[in-house]
> 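Below is the structure I would like to discuss, written out as structure tokens.
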Amino acid sequence: MKNVIPAVKGTRDFYPREMAIRTWLYSKARQVSEAFGYQEYEGPMLETLELYAAKSGEELVKEQSFVFPDRSGKLITLRPELTPTLMRMVARRQGQLTYPLRWWSFGPFWRYERPQKGRSREFFQWNIDLIGAATPEADAEMVAVMATFYRSTGLTPDQVSIHVNNRRLMDDQLAKLGIQANQRPAVFRLIDRRDKLSPEAWREYALEQGLSPEQFDKLLTLLENLDLWKESDELARFFEAVDALGMSSYVHFNPQIIRGLDYYTGTVYEGRAQTGNLRRAVAGGGRYDNLLADVGGDPLPGTGFAMGDVVITLLLEETGNLPDNLEASPAPVMVTVFDESLLLASYRLASELRAAGLNVACYPLPDKLGKQFKYADRVGARLALILGPDEETQGQVAIKDLNTREQIVLPRAEAAQKIRQMLAEEPAS
RNA sequence: GCGGAUGUAGCUCAAUGGCAGAGCGUCGCACUGUGGAUGCGAAUGUUGCGGGUUCGAGCCCCGUCAUCCGCCCCA
């Protein structure tokens, strides 16, 4: 390849095939969001650094955000997540909105990380949030929304499972172990990292964080207690509600789920791929009851999650759940150009058919007919129209079915209706 | 930020340190009013970039850039 100017590291080009997948994902997100009564919204891609500085978590802001000064020297951030923006938007119109608020969004985000499988620096994310309801049932609804998305894309509970925990529960349990309040965030981080370290390394890390060997052993027992949720009224109600919503098969208690963002206060949930090569989080979220006050609003509880396009697409591809007809031709009809002298006649014909409501492409130059048929076939057209000297002088047009190779000639005035009929009779293969 | 691998034709990849190649695709012809098949033919290269070693470098060495994979973190 000659010296093509390179793309920015970690960005992706969406050629029609990829764009079709993205659009399809968007439509799935919309469909599920609207099924639960959520409204679409969007915020700016640029935000001030302060918006994230307080609450998103140090790593996310300091290490993983695109931050740059604008011309006045003010630090601008390419949004790495949407929840702070949502909080800002709600805070600005706090008194005018009708609660509970059900909002969703699908847009681009940026994180300055090393690109690799399942992760890019520019990605798209579906965000959905329920603001103004502090009940466990509200959390259950969010999880049901996530599960409904999985179900509607064909992902089974064996392939993707939603792991749930509650930070208040864990906080109480840690307190019972005699772990001081100021030490608990570090222990949360410790729990979060358990899967990433060997048992020995993890123990060593725990003791480094100031846990006594006895506390460590008790913590271990805690994390293996799959009935721990019974000690949380919140989680008990949550699971009942999930059951009422018919999504229990997707949802499991997992005392090890903590999640990285600092602003979560209660129930947290994470959709995880359980199959194939990538066993990782495909979506994550939780309850954040203090965030609105943190950006300057009056206190208002919220819960919600985000799902990135990269991992979910990999998962859907791996499990064979991506529709295969995504790249269907935008125009099922192509008008060929017989020769130079008839080029504009073909253009007129195409225009006529468009006016009749059909999607029609016209070949733009007088190439050999064979080449034009080949092109029509390649781009997925179903019918090719021929307007040669014979047809032109007799007010006719030839229609060739590219699948059956059959060709008919008919009066031009009847063409649109006949085409419509042919397209309806023989759905795209 | 750390570690590993790979960069050769549009694509996928070959090529003991000794003439840079194949398959697919593209284009042309067989077939000047008809595509997918077949046959024949043709075009296509700063071997990522910059140095070095050598009579000679795609191959060895150094640097650099890019991509991929993993770690960290996360969607």
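A, B, ... follow the sequence lines: proteins, then strands. Residue 1 opens every chain. Just so you know, these numbers come straight off a predicted model, no measurement behind them. Computed from heavy atoms alone, side chains included, the values below leave out hydrogens, waters and symmetry copies.
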> NZ of A:K9 versus P of B:C68: gap in Å, rounded?
8 Å

> Determine the contact category for A:D309: base if any of its heavy atoms lies under 4.0 Å from a base atom, sugar-phosphate if only primed atoms, P, OP1 or OP2 are that close, otherwise nothing.
nothing

> Checking A:W229 against A:F239 for the ring-ring contact (aromatic ring centres under 6.0 Å, His included) test, could you report, in this order, the C-alpha distance in whole Å, the side-chain angles of both residues, the deciding distance, and whether it holds?
CA-CA 9 Å; A:W229 61 274; A:F239 283 113; 5.2 Å; yes

> Counting C-beta onward and ignoring hydrogens, is there a side-chain heavy-atom pair between A:V164 and A:H252 closer than 4.5 Å?
no

> Using the P atom as the point on both nucleotides, what is the distance between B:G48 and B:G7, in whole Å?
8 Å

> Should the pair A:E122-A:R12 be classified as a salt bridge under the 4.0 Å nitrogen-to-oxygen rule?
no

> Any base atoms under 4.0 Å from A:S120, or only sugar-phosphate, or nothing? Heavy atoms, all strands.
base

> Taking for each residue the nucleotide of RNA chain B with the nearest heavy atom, is it A:G284 or A:V8 whose nucleotide lies nearer the 5' end?
A:V8

> Ignoring the backbone of A:K371, work out which of B:G33, B:C71, B:C27 is nearest its side chain.
B:C27

> Across the strands shown, which category fits A:I386 at heavy-atom distances under 4.0 angstrom: base, sugar-phosphate, nothing?
base

> Using a 4.0 Å heavy-atom cut-off across all strands, classify A:R259 as base, sugar-phosphate, or nothing.
sugar-phosphate

> So does A:R111 reach the base of B:A75 with its side chain, donor to acceptor, closer than 3.5 Å?
yes

> Whole-Å distance between B:A75 P and A:M307 CE?
13 Å

> Check this one for me: any side-chain N or O of A:K368 less than 4.0 Å away from OP1 or OP2 of B:C29?
yes

> How far, in whole Å, is B:C71 from B:C13 if one measures between their C1' atoms?
30 Å

> Please determine whether any donor N or O and acceptor N or O are separated by less than 3.5 Å between the side chain of A:Q64 and the base of B:A75.
no

> Which residues satisfy the side-chain hydrogen bond (donor to acceptor under 3.5 Å, both in side chains) test with A:N182, sequence neighbours excluded?
none

> What verdict does the side chain to side chain contact (heavy atoms under 4.5 Å, CB included) test give for A:F106 and A:L82, after you've listed the backbone C-alpha separation in whole Å, the side-chain angles of each residue and the deciding distance to 0.1 Å?
CA-CA 10 Å; A:F106 185 95; A:L82 190 60; over 6 Å; no

> With a distance cut-off below 6.0 Å to the six-membered ring centre and an angular limit of 45° from the axis, does A:K28 pair with A:F149 as a cation-pi contact?
no

> Rounding to a whole Å, what distance do you find between A:E391:CD and B:G33:C1'?
8 Å

> Is it true that A:E113 and A:R121 have a side-chain N and a carboxylate O under 4.0 angstrom from each other?
no

> Just how far, in rounded Å, is P of B:G33 from CG of A:D339?
10 Å

> Heavy-atom distance under 4.5 Å between the side chains of A:V337 and A:L342, does that happen here?
no

> Counting any heavy atom closer than 4.0 Å, what does A:F338 reach on the DNA or RNA strands: base, sugar-phosphate only, or nothing?
base

> Under 3.5 Å, is there an N or O donor on one side and an acceptor on the other linking the side chain of A:Q407 and the base of B:U34?
yes

> Tell me whether A:Y375 is stacked on the nucleobase of B:G35, counting only the six-membered base ring and applying the 5.5 Å and 30° thresholds.
no

> Is a donor-acceptor contact shorter than 3.5 angstrom present between the side chain of A:K400 and the base of B:G35?
yes

> Can you tell me the distance, in whole Å, between the CZ atom of A:R280 and the P atom of B:C72?
11 Å

> On RNA chain B, compare the nucleotides closest to A:G388 and A:R405; which residue's is nearer the 5' end?
A:G388

> Quick one: label A:D192 by what it contacts on the DNA or RNA (base, sugar-phosphate, nothing), any heavy atom closer than 4.0 Å.
sugar-phosphate

> Using the C1' atom in both, what is the distance from B:G28 to B:U67, to the nearest Å?
36 Å

> Report yes or no: is the cationic atom of A:R287 (NZ for Lys, CZ for Arg) closer than 6.0 Å to the six-membered ring centre of A:Y264, at no more than 45° off its axis?
no

> Please tell me which of the listed nucleotides, B:G35, B:C68, B:G70, lies nearest to the side chain of A:P115?
B:C68

> Take atom C1' in B:G39 and the same atom in B:G45, then report the distance between them in whole Å.
28 Å

> Which range-with-range stems can be found for RNA chain B when each stem has 3 or more Watson-Crick or G-U pairs in a row and both distances sit under 3.5 Å?
B:1-7 with B:65-71, B:10-13 with B:21-24, B:26-30 with B:38-42, B:48-52 with B:60-64

> Starting from C1' on B:C74, measure out to CD on A:Q116 and report it in whole angstrom.
10 Å

> If you measure from the P atom in B:C62 to the same atom in B:C24, how many Å do you get, rounded?
39 Å

> Find the distance A:D401:CG to B:G36:C1' and express it as a whole number of Å.
14 Å

> Say you pick atom C1' in B:G23 and the same atom in B:C60; how far apart are they, in whole Å?
30 Å

> Can you tell me, in whole Å, how much space there is between the C1' of B:U53 and that of B:G17?
12 Å

> With respect to the side chain of A:V310, which nucleotide from B:A75, B:C73, B:G33 is positioned closest?
B:A75

> Measure distances between side-chain N and O atoms of A:R114 and base N and O atoms of B:C73, and say whether any donor-acceptor pair falls under 3.5 Å.
no

> Using the C1' atom on both, measure B:G25 against B:G36 and round to a whole Å.
15 Å

> Would you mind reporting whether A:L219 and A:E224 have side-chain heavy atoms less than 4.5 Å apart?
no

> Rounded off to whole Å, could you give me the CG-to-P distance for the A:L402 and B:U34 pair?
15 Å

